[in-house]
Amino acid sequence: MSKVAVIGTGYVGLTTGAYLAHIGHEVICADVVADKVARLSRGEIPIFEVGLEDLVRGGLRAGRLRFVVGSEAAVADAEFVFLCLPTPQGDDGSADLSWIRDEAERLGPRLAAGSVVINKSTVPVGSTRLVARVLNRGDVAVVSNPEFLREGSAVHDSLHPDRIVIGADDTAAASRVAALYSEIQAPVLVTDPASAELIKYASNAFLATKISYINAIANLCEVVGADVKEVVLGMGYDKRIGFEYLRPGPGWGGSCFPKDTRALVRIAEDAGYDFGLLDGVIAVNAAQYERMVAKIESACRGSLVGRRVAVWGLTFKALTDDLRDSPALEVIGRLRQRGATVAAYDPMVTAAGPPSGEGPDGRLAGLVLADDPYGVCPGAAALVVLTEWDEFRWCDFDKVRDLLADPVIVDCRNLLDPAAMRRRGFAYHGVGRT
Ligand SMILES: NC(=O)c1ccc[n+]([C@@H]2O[C@H](COP(=O)([O-])OP(=O)(O)OC[C@H]3O[C@@H](n4cnc5c(N)ncnc54)[C@H](O)[C@@H]3O)[C@@H](O)[C@H]2O)c1
């Protein structure tokens with residue numbers, strides 16, 4: 001079992017630290033936010049992620065998981081140091097590497113001889129070698145080990161990954177990192193750092209492409225009178241295509257796809273390659289937000305001015321508290337620009353913000369937030385479903401109908417049964433189906 005330091009305790013770092021402790025390693029997780037470290041040390045989880053609390057508490061009880069403020073306190077004895085730091089979108093679309101670069105500068109003199117720095121953040125091609133240069137330590141190896149977990153199933157995905165990718169110039173270091181994961185059953189791909197870095201971007205951009213593709217097909221379905229649910233069923237049985245990421249909706253969002261697709265376009269641009277395909281994928285997505293707004297406007301008899309719109313769902317998808325780049329917030333912002341008043345309900349978001357307290361970034365300001373799905377309905381010209389929370393399926397729709405000013409549902413996630421809604425007296429509008 002190894003001594004591991006994890007720098008950054010967000011969705012990736014906290015999950016990584018918790019499951020590495022779970023499989024037997026001795027882990028110290030560091031963050032710069034003292035309050036977060038204090039809460040984690042008490043076993044309180046600042047984000048919503050199924051199964052994470054059990055793992056963290058188990059690690060604390062077993063004495064294999066600790067939390068400290070600042071990386072200095074974590075790395076002195078560590079054989080492996082994971083970087084799980086933010087790489088947000090920079091002004092020019094590329095990933096902002098300043099967190100990684102600053103941390104590498106700080107860690108350089110402090111790392112134990114013979115340790116391995118493992119980068120789990122999503123970073124452009126060349127970053128592994130950049131970190132090695134900044135560390136300036138001939139006795140420390142740097143390895144790329146991109147993370148593929150999905151928020152909402154981060155613990156499951158970490159314990160049962162489809163693959164583990166390790167990119168390294170130093171094959172001995174790659175073998176040591178592979179051994180860290182020996183308890184995890186998954187194919188291990190050892191490759192060069194540039195390929196590992198590109199695998200992460202290529203994977204996320206491909207998934208975004210699938211969603212944009214099915215959104216475009218859904219839009220076409222509306223024009224030609226086809227039902228996208230049937231189309232997806234017919235496509236998905238083909239094993240070469242599959243069903244995953246073929247759910248039409250209001251567009252993709254979240255903390256990764258928007259920034260990672262733009263970063264990949266930028267990587268291509270810098271390399272002199274015109275990635276027009278990915279430009280198209282991004283354009284389809286931006287248009288999809290607008291298309292949802294037009295759909296809602298038309299359902300509200302052609303005008304949103306002075307109308308109240310009831311919204312179910314704010315997070316970027318179900319089973320997470322993450323509001324970063326949420327399509328729901330994109331759509332709501334546009335509704336408000338067109339004169340609507342929006343009242344919203346989301347099981348993860350109260351007036352004080354989501355449990356992590358990191359979401360609102362001002363975009364919830366002025367929104368009426370309700371404590372239950374019915375609280376948003378009184379007087380609304382339409383009910384709009386923007387996140388696919390399962391609890392919305394099981395609401396009392398007779399009550400919803402009676403509360404709304406007009407019995408209109410715009411289901412941007414195709415969550416509800418159109419026939420059942422129409423039987424209850426709603427004018428129902430889905431995506432890609434009539
Ligand atoms: N969220 C995902 O689903 C996901 C999946 C795969 C990969 N990634 C990538 O992983 C990286 C991290 O993503 P995330 O969603 O976990 O980010 P996050 O914003 O949730 O967490 C980052 C954490 O790092 C901490 N931090 C910032 N500077 C620090 C420092 N100098 N020392 C210690 N801690 C510091 C922050 O306080 C925060 O807790 C990004 O590159 C992201 O693209 C994210």
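In each ligand, atom 1 is the first atom listed, and ligand 1 is the first ligand listed. On a predicted model such as this, the values are computed, not experimentally measured, just so you know.
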Practice item. Determine whether more than 12 heavy atoms belonging to other residues, nucleotides or ligands lie under 6.0 Å from atom CZ of Phe206. Key: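 Not buried by this count: 12 neighbours or fewer within 6.0 Å.
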Test: [X] and [Y] ion pair at under 4.0 Å:
{"X": "Lys295", "Y": "Glu222", "value": "yes"}
{"X": "Arg106", "Y": "Asp102", "value": "no"}
{"X": "Arg240", "Y": "Asp238", "value": "yes"}
{"X": "Asp260", "Y": "Lys200", "value": "no"}
{"X": "Arg334", "Y": "Glu330", "value": "yes"}

Under 4.0 Å from a heavy atom of [X]: give me the atoms of ligand 1 that qualify, with their elements.
{"X": "Ala30", "result": "33 (C), 34 (N)"}
{"X": "Ser121", "result": "10 (O), 11 (C), 41 (O)"}
{"X": "Ile7", "result": "32 (N), 33 (C)"}
{"X": "Arg106", "result": "31 (N)"}
{"X": "Lys200", "result": "6 (C)"}
{"X": "Val33", "result": "37 (O)"}

**Study point:** ring-ring contact (aromatic ring centres under 6.0 Å, His included) partners of Tyr213, counting only residues at least two apart
**Key:**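 Checked Tyr213 against ring-ring contact (aromatic ring centres under 6.0 Å, His included); zero matches.
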Check your understanding: Of the backbone atoms (N, CA, C, O) and the side-chain heavy atoms from C-beta on, which set of Leu85 has a member under 4.0 Å from an atom of ligand 1: side chain, backbone, both, or neither?
Key ->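 It is both parts that get close, each with some atom under 4.0 Å.
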**Study point:** ligand 1 versus Phe148: contacting region, heavy-atom distance under 4.0 Å
**Key:**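 No part of Phe148 comes within reach of ligand 1.
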Any heavy-atom pair between the side chains of [Y] and [X] that's under 4.5 Å?
{"X": "Leu246", "Y": "Ile241", "value": "yes"}
{"X": "Val155", "Y": "Val50", "value": "no"}
{"X": "Val75", "Y": "Ile7", "value": "yes"}

Polar-atom distance check: [X] versus ligand 1, any N or O pair below 3.5 Å?
{"X": "Glu151", "answer": "yes"}
{"X": "Cys256", "answer": "no"}
{"X": "Glu147", "answer": "no"}
{"X": "Asp260", "answer": "no"}
{"X": "Arg150", "answer": "no"}

Point to revise | Donor on one side chain, acceptor on other, Thr15 and Glu49, under 3.5 Å | key: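 No.
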**Study point:** Any Ser255 heavy atom less than 4.0 Å to ligand 1
**Key:**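 Under 4.0 Å: yes for Ser255.
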Review point. Under a heavy-atom criterion of less than 4.0 Å, does Gln89 contact ligand 1?
Key: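 Per 4.0 Å heavy-atom rule, Gln89 does not contact ligand 1.
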Option of least heavy-atom distance to [atom] (set: [options]):
{"atom": "atom 34 (N) of ligand 1", "options": "Asp31, Leu107, Thr87", "value": "Asp31"}
{"atom": "atom 43 (O) of ligand 1", "options": "Lys259, Lys120, Glu103, Glu49", "value": "Lys259"}
{"atom": "atom 32 (N) of ligand 1", "options": "Val69, Thr9, Val32, Asn119", "value": "Val32"}

